[in-house]
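Heads up, the thing below is written out as structure tokens.
Each chain gets a letter, A, B and so on, in the order its sequence line appears, and its residues count up from 1.
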Amino acid sequence: MLDIKLIRENTEAVCKGLESRGADTGAIEKILALDVRRRELLAQTEELKSKRNTVSKEIGMRKKAGDDTTEIQAEMRAVGEKIAELDKELADVEQEQRNLLLCLPNLPAPGVVPGGKEANEVISVYGEKPTFDFTPKNHVDLCTDLGLIDYERGVKMGGNGFWLYQGDGARLEWALLTYFIQEHIKDGYTFILPPHMLTYECGLTAGQFPKFEEDVYRLTEEGFHFMLPTAETALINMYRDEILSEADLPKRLFAYTPCYRREAGTYRASERGMIRGHQFNKVEMFGYTKPEDSEAMLQELIRKACKLVEGLGIHHRLAKLAAGDCSASMATTYDVELWLPSMNEYKECSSVSNAMDYQARRGNIRFRREATKKTEFVHTLNGSGLATSRLMPAIVEQYQQADGSIKIPDVLVPLMGGQTVITKK
RNA sequence: GGAGAGGUGUCCGAGUGGUCGAAGGAGCAGCACUGGAAAUGCUGUGUACCCCAUGGGUACCGAGGGUUCAAAUCCCUCCCUCUCCGCCA
């Protein structure tokens, strides 16, 4: 959520920032008009309340003294009615303003270029595109032929967009997750296994709601529990409505969860297989920092994500996203993209972002600064570390051999019980 | 699922209609004492918003609504936690 004071005092800069990400600025004028009315109403009702408080105390004292207070009580009743009236309007105005504010995306950080996907900038490239002296297969054929993934039975059980891992496929998936978890633990991050079903409030804080309610699986009519679309949604809510002490920062967390997404609408045939599914596994990194430390944490998370992919020996690149390609809550986003030979394309396997104080403001997550004794909003950051649904395709495609087998990346061998290659059973 | 208890400040905990933003204690900070520390004593210690802004005001005692001149305190609805019983993995 953007600070209403910022909108009030730097209207032009806010609009410019929103426009650079292609967001609609039509709400700004409305928000400002509501803000004027809100403050008017607040001044009026507070003045009346002040009067009522004073007089009510007086009534108490005069009654004790045995005075007749009928007249003054009637007067205060009228004041009370006026207050109720003003409060009602104030509540409506505040609600309307808050709804508009909740729908505004974050402002892009300085240095994030305007525009959409086409304006993304490749920062670095690791390794080279693998070459094959045979005709390489795509990941769907590889996984099917080797019996790693059963797409048809997955669909039978879960419907379109689901698959199941089996045998060496399940082991490879599990080995990847274990590899990530071990690396994060080595780096001193705290391992979290959060609830997978969350309340509406969690989605609101993360910035997914109210705008993207349709993107999640809702569980109940009443209460709005939903399946988390990413562990980020859980981790941002761990410290919701809390005041952290400065010494607790930065907090470095990571969590493993499946991610559940509706992915409404059809996706391109080229995205078949594990590129886009309703359920996929992800290890998510998360950071809470003081404002002045969030840039360093962002760089740390980017390094960690890249290091994991490098460890697997996969050709990939790092891209800095243009404003319009960042998700709504984020001020800066970097994507780690894997090379998929069959698609002749780079596909995101990690998205590392700095939300600055946008989510903290929505979730009221603050810390107390020792020097000033004052509370400030924390900065929150998140990054996949990593999602497997794009990695597994990249691994099988980049590590495939002429005989149709797949060489297992060295770091995963110990996690696969010493197995070095996956062959047809 | 049945029965009961309860949700108060950083924490514990008092408070059943008026002078309660809230006793008391712990913690924390400052000062005093000390060679230094402990102990002790004194002082301070919530958040947010608004304004005619070195000051003033309002709101907040789980959430929402109601009664009243006045609500932490009374009434209603909801949420959550705990204990016991039942059921299930």
Nearest whole Å is fine: how far is [N] [atom2] from [X] [atom1]?
| X | N | atom1 | atom2 | result |
| --- | --- | --- | --- | --- |
| A:Lys82 | B:C69 | NZ | P | 19 Å |
| A:Arg37 | B:C50 | CZ | C1' | 15 Å |
| A:Glu201 | B:G62 | CD | P | 18 Å |
| A:Phe377 | B:C49 | CZ | C1' | 12 Å |
| A:Lys63 | B:U19 | NZ | P | 14 Å |
| A:Glu81 | B:U68 | CD | C1' | 12 Å |
| A:Leu48 | B:U58 | CG | P | 11 Å |
| A:Gln73 | B:U68 | CD | C1' | 9 Å |

If the cut-off is 4.0 Å, is [X] near the phosphate of [N], judged by side-chain N/O to OP1 or OP2?
| X | N | value |
| --- | --- | --- |
| A:Arg366 | B:U47 | no |
| A:Arg8 | B:C50 | yes |
| A:Asn53 | B:U58 | yes |
| A:Arg39 | B:C49 | no |

Legend entry - Distance-only side-chain donor-acceptor flag, A:Glu40 / A:Gln44, under 3.5 Å: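 Side-chain D/A pair, A:Glu40 to A:Gln44: absent.
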
What is the pairing partner of [N], taking Watson-Crick or G-U wobble pairs with both distances under 3.5 Å in any strand?
| N | result |
| --- | --- |
| B:G44 | B:C28 |
| B:G17 | none |
| B:C78 | B:G62 |
| B:U34 | none |
| B:U67 | none |
| B:G1 | B:C85 |
| B:A72 | none |
| B:C49 | B:G57 |

Inset, instruction - Name the residue closer to the 5' end of RNA chain B, choosing between A:Met76 and A:Glu46 according to the nucleotide with the nearest heavy atom. - result: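 Comparing both residues, the 5'-ward one is A:Glu46.
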
Legend entry - A:Lys57 vs A:Arg52, nearer the 5' end of RNA chain B by closest nucleotide: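 Upstream on the strand: A:Lys57.
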
Legend entry - Closest listed nucleotide, where the reference is the side chain of A:Ser50 and the choices are B:U58, B:C69, B:C50: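 In terms of side-chain proximity for A:Ser50, the closest of B:U58, B:C69, B:C50 is B:U58.
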
Inset, instruction - Select one nucleotide: of B:C49, B:A70, B:G46, the one nearest the side-chain heavy atoms of A:Lys5. - result: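 Side chain of A:Lys5 sits closest to B:C49.
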
Inset, instruction - Indicate, with a heavy-atom threshold strictly under 4.0 Å, whether A:Thr375 touches base, sugar-phosphate, or nothing. - result: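 The residue A:Thr375 makes sugar-phosphate contact but no base contact.
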
Legend entry - Sugar-phosphate only, base, or nothing, as touched by A:Leu42 at under 4.0 Å among non-hydrogen atoms: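 If one applies the 4.0 Å heavy-atom cut-off, A:Leu42 turns out to touch the sugar-phosphate alone, with no base involved.
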
Taking [M] as the reference, what is the distance to [N] when you measure between their [atom1] atoms (whole Å, please)?
| N | M | atom1 | answer |
| --- | --- | --- | --- |
| B:U83 | B:C78 | P | 24 Å |
| B:C79 | B:C52 | C1' | 43 Å |
| B:G64 | B:A14 | P | 25 Å |
| B:G57 | B:G30 | C1' | 30 Å |
| B:G6 | B:U10 | P | 24 Å |
| B:G17 | B:A70 | C1' | 8 Å |
| B:G65 | B:U73 | P | 14 Å |
| B:U8 | B:G62 | P | 6 Å |

Inset, instruction - Answer with yes or no after comparing the ring centroid distance for A:Phe377 and A:Phe367 against a 6.0 Å cut-off, counting only values under it. - result: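 For A:Phe377 and A:Phe367, the ring centres are not under 6.0 Å apart.
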
Inset, instruction - Compute the ring centroids of A:Phe286 and A:Phe254, then answer whether they are less than 6.0 Å apart. - result: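 No, ring centres 6.0 Å or more apart.
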
Inset, instruction - Return the orientation label for the A:Tyr256 and A:Trp174 ring planes: parallel under 30°, perpendicular over 60°, tilted otherwise. - result: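 Rings of A:Tyr256 and A:Trp174: perpendicular, over 60°.
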
Inset, instruction - Please evaluate the base of B:U19 for a donor-acceptor partner in the side chain of A:Lys64 within a cut-off of under 3.5 Å? - result: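 Yes, the side chain and the base share a sub-3.5 Å donor-acceptor pair.
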
Legend entry - Step-by-step side chain to side chain contact (heavy atoms under 4.5 Å, CB included) determination, A:Ile149 to A:Gln166: CA-CA 6 Å; A:Ile149 291 176; A:Gln166 60 186 3; over 6 Å; no

Inset, instruction - Just do the salt bridge (charged side-chain N to carboxylate O under 4.0 Å, His left out) check on A:Lys307 and A:Asp187 with the steps written out, would you? - result: CA-CA 12 Å; A:Lys307 205 179 80 184; A:Asp187 290 340; 3.8 Å; yes

Inset, instruction - Measure from the side-chain N and O atoms of A:Ser384 to the backbone N and O of A:Ser351, and report whether any donor-acceptor pair falls under 3.5 Å. - result: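 Between the backbone of A:Ser351 and the side chain of A:Ser384 there is a qualifying donor-acceptor contact (under 3.5 Å).
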
